[in-house]
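Please read the structure below before turning to the comments.
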Amino acid sequence: MSEVVLLIDCNSFYASCELLFRPDLKGRPVIVLSNNDGCVVARSKEAKKIGIPMGAPLFTIEHLIKTFDVVQFSSNYPLYNDISNRVMNTLRRFASAIEIYSIDEAFLTIPCPKEGVDILDLAKTIRQTVLKEIGIPVSIGISHTKTLAKVASIEAKKNATGVHALIEKKEIDSTLQKLDVVEIWGIGQRLAPKLQSYGVFTALDLKKTDKTRLKKLFNIVVVKTALELDSIPSFELEEIPKFPKSITCSRSFGKPIEELSLLQEALSSYTAQAAEKLYRVGGTAGGIIVFLTTNRFSEPFYANSIYIPLMEKTFYPPTLMEKGLEGLFEIYRAGYFYKKVGVTFVDLSRTTQHQLTLFQEQFQLPKKQKELVDAVHRIKKRFGINAIQYASEGIRKPWKNKKELRSPLYTTLWEDILTIQI
DNA sequence: TCTGGGGTCCTAGGACCC
DNA sequence: TCTGGGGTCCTAGGACCC
């Protein structure tokens with residue numbers, strides 16, 4: 001064995017980010033709410049303890065909030081992204097390779113420590129360093145494969161030390177025997193009952209199941225998962241972030257919207273945001289999908305989407321907005337109260353590897369378009385994302401969602417920087 | 001009253017071709 | 001009554017993740 005896999009997982013990440021700047025709330029149950037303050041997306045340790053479930057709609061836990069005086073935050077993604085980057089930069093120092101798996105998780109491979117060096121000590125050092133430098137508590141699971149590292153991290157969360165290694169076969173098997181299949185990374189709510197119907201109840205059962213049979217009854221991912229449980233690496237560490245296949249921007253509205261003009265404003269705004277992201281990854285879109293929906297919990301319900309191919313690939317926001325609005329016009333039906341619109345860019349390419357039209361030598365936007373996009377980007381970068389916008393995004397924006405409880409942008413906006421009074 | 005947002009991958013089946 | 005076989009490509013839908 002030459003390398004081991006570590007899974008580093010930030011504990012209650014969004015809640016931990018909020019607590020960083022509000023040490024006065026330590027020990028109290030803290031929750032972070034989804035974009036529209038609709039449901040719970042993160043819970044502090046204390047919030048978990050009083051029984052607030054992940055994903056719970058806010059209105060179903062009113063009684064808990066009142067009884068236990070729960071502290072609520074709207075989600076503050078600029079802050080979480082910034083803290084995440086800092087955590088990842090610290091982790092990088094310890095790794096021979098790192099895959100940033102999500103905003104709060106990373107897989108690391110490290111050379112197998114020399115005889116006598118305890119891998120757990122190294123993990124503890126990593127944990128201490130992140131805690132000291134960034135202030136975010138993490139759990140660390142260690143094993144031979146990504147899937148087993150995930151299993152180890154479940155154990156790590158139960159430990160006071162926050163770290164756990166699964167290296168010896170005996171120990172691995174006894175842990176897998178106690179693990180329900182639904183807890184395995186890659187096995188969800190649908191696959192678990194199906195596996196159970198074939199007599200596969202625990203992770204150890206899955207590991208021991210014949211792979212040909214698994215392939216026949218399920219798919220290749222389930223086979224790979226079973227192999228990983230058997231210490232055979234089947235999911236590679238992906239160090240280089242993949243170029244995206246699609247980019248989406250959509251939001252629920254603060255209150256239902258009926259007028260087309262307001263939907264147009266919202267869609268323009270989301271398209272601009274998605275275009276900004278497209279610009280940042282250095283890509284162009286070959287097609288866009290526009291979708292809209294009324295509240296799925298109330299009648300009359302209407303949802304629709306439309307695909308609009310683009311004659312020429314582009315990242316020029318006005319073109320994307322114009323096409324998007326055309327699509328919206330097609331699928332809009334008067335008389336409904338809409339809850340959400342959104343846009344997805346598909347058929348993405350890198351601007352550097354562009355399929356050229358017959359007479360192009362190199363992909364580039366017309367000079368003036370390019371200058372405009374660059375300028376808007378620079379202004380946003382320097383003065384904040386609200387410093388400039390397209391007129392079609394509207395001024396009053398009554399469709400904007402609720403974010404009543406958002407904390408300041410402590411680390412990404414000068415006006416919001418933390419002040420300390422002595 | 002109130003229920004998020006953004007992704008990826010796999011497979012089956014249809015369309016189409018020779 | 002008879003009604004091929006094999007291959008590719010695309011898409012919708014299902015499943016998963018955080």
Side-chain angles (χ1 to χ4, degrees), chain A residues 7-14 31-43 52-63 65 72-77 80-81 84 99-107 146-147 150 153 181-195 214-225 234-236 238 241-256 266 270 273-274 277-278 281 287 289 291 293-298 301 305 307 309 337 339-348 401-406:
Chain A
L7 174 67
I8 286 89
D9 190 335
C10 300
N11 299 346
S12 314
F13 183 55
Y14 299 167
I31 58 174
V32 178
L33 304 172
S34 63
N35 234 315
N36 212 19
D37 290 352
C39 50
V40 178
V41 294
R43 307 155 296 159
I52 296 178
M54 183 63 172
L58 195 54
F59 71 92
T60 62
I61 54 165
E62 292 292 353
H63 59 291
I65 290 173
Q72 308 165 57
F73 287 97
S74 299
S75 41
N76 185 348
Y77 291 104
Y80 310 150
N81 272 311
S84 172
E99 171 186 341
I100 296 167
Y101 177 68
S102 73
I103 194 165
D104 67 341
E105 278 175 58
F107 288 103
K146 289 165 101 175
T147 306
K150 275 271 188 183
S153 91
V181 274
V182 78
E183 303 288 319
I184 303 167
W185 186 46
I187 306 298
Q189 297 298 326
R190 301 296 178 97
L191 287 176
K194 195 174 164 191
L195 280 162
L214 281 180
K215 176 69 180 76
K216 209 183 285 173
L217 295 172
F218 297 90
N219 60 44
I220 191 67
V221 181
V222 176
V223 174
K224 286 182 171 181
T225 299
S234 305
F235 298 121
E236 292 295 309
E238 286 160 19
K242 286 195 175 136
F243 185 74
K245 297 193 161 46
S246 65
I247 290 174
T248 301
C249 184
S250 74
R251 298 271 180 282
S252 296
F253 302 132
K255 54 174 182 241
Y270 304 157
Q273 283 175 60
K277 195 164 170 191
L278 184 62
V281 300
I289 296 162
F291 53 93
T293 176
T294 61
N295 190 333
R296 66 196 153 105
F297 298 102
S298 56
F301 176 75
S305 71
Y307 170 71
F337 286 91
K339 180 71 181 162
K340 186 201 263 192
V341 297
V343 63
T344 301
F345 299 157
V346 293
D347 193 12
L348 307 185
N401 61 33
K402 295 183 264 181
K403 271 213 168 192
E404 289 158 0
L405 310 162
R406 198 179 78 181

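Below, read A as the first sequence line, B as the second, and so on, with proteins coming before strands; counting in each chain starts at 1.
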Counting any heavy atom closer than 4.0 Å, what does A:E62 reach on the DNA or RNA strands: base, sugar-phosphate only, or nothing?
nothing
Please find the pair of heavy atoms, one from A:N295 and one from A:F301, that lie closest to each other, and give the distance.
O-CD1, 3.6 Å
Ring geometry between A:F107 and A:Y101 (parallel below 30°, tilted from 30 to 60°, perpendicular above 60°)
perpendicular
Side-chain donor/acceptor of A:T344 to backbone N/O of A:I247, under 3.5 Å:
no
Closest heavy-atom contact between A:L7 and A:S153?
CD2-OG, 3.6 Å
Within 45° of the six-membered ring axis of A:F235 and under 6.0 Å from that ring's centre, is NZ or CZ of A:K224 located there?
no
Looking across every strand, which nucleic acid part, if any, lies under 4.0 Å from A:K215 by heavy atom: base, sugar-phosphate, or nothing?
sugar-phosphate
Are any side-chain N or O atoms of A:K146 and backbone N or O atoms of A:E236, one a donor and one an acceptor, separated by less than 3.5 Å?
yes
DNA chain C: first to last nucleotide in contact with chain A (atom under 4.0 angstrom from a heavy atom), 5' to 3', is C:dA15 to C:dC18
A:V182 side chain near A:Q189 side chain, heavy-atom distance below 4.5 Å
yes
Sugar-phosphate only, base, or nothing, as touched by A:I61 at under 4.0 Å among non-hydrogen atoms
nothing
DNA chain B: A:F291 or A:G38, which has the more 5' nearest nucleotide?
A:G38
So what does A:K194 touch, heavy atoms closer than 4.0 Å: a base, only the sugar-phosphate, or nothing?
nothing
Mind checking if A:I103 touches a base, just sugar-phosphate, or nothing, with heavy atoms under 4.0 Å?
nothing
Is A:L191 touching bases, backbone alone, or none of the nucleic acid, heavy atoms closer than 4.0 Å?
sugar-phosphate
Just call it for A:S246: base, sugar-phosphate, or nothing, with non-hydrogen atoms closer than 4.0 Å on any strand.
sugar-phosphate
Do A:V281 and A:F243 touch side chain to side chain, with heavy atoms closer than 4.5 Å?
yes
Between A:I61 and A:A56 the two heavy atoms that sit nearest each other are CG2-CB, 4.1 Å
Quick one: label A:K277 by what it contacts on the DNA or RNA (base, sugar-phosphate, nothing), any heavy atom closer than 4.0 Å.
sugar-phosphate
Secondary structure of DNA chain C per the Watson-Crick/G-U criterion (both distances under 3.5 Å; [ ] crossing, | other strand, . unpaired) is ....||||||||||||||
Could you check A:F297 against A:K242 and say which one's nearest nucleotide on DNA chain B is further toward the 5' end?
A:F297
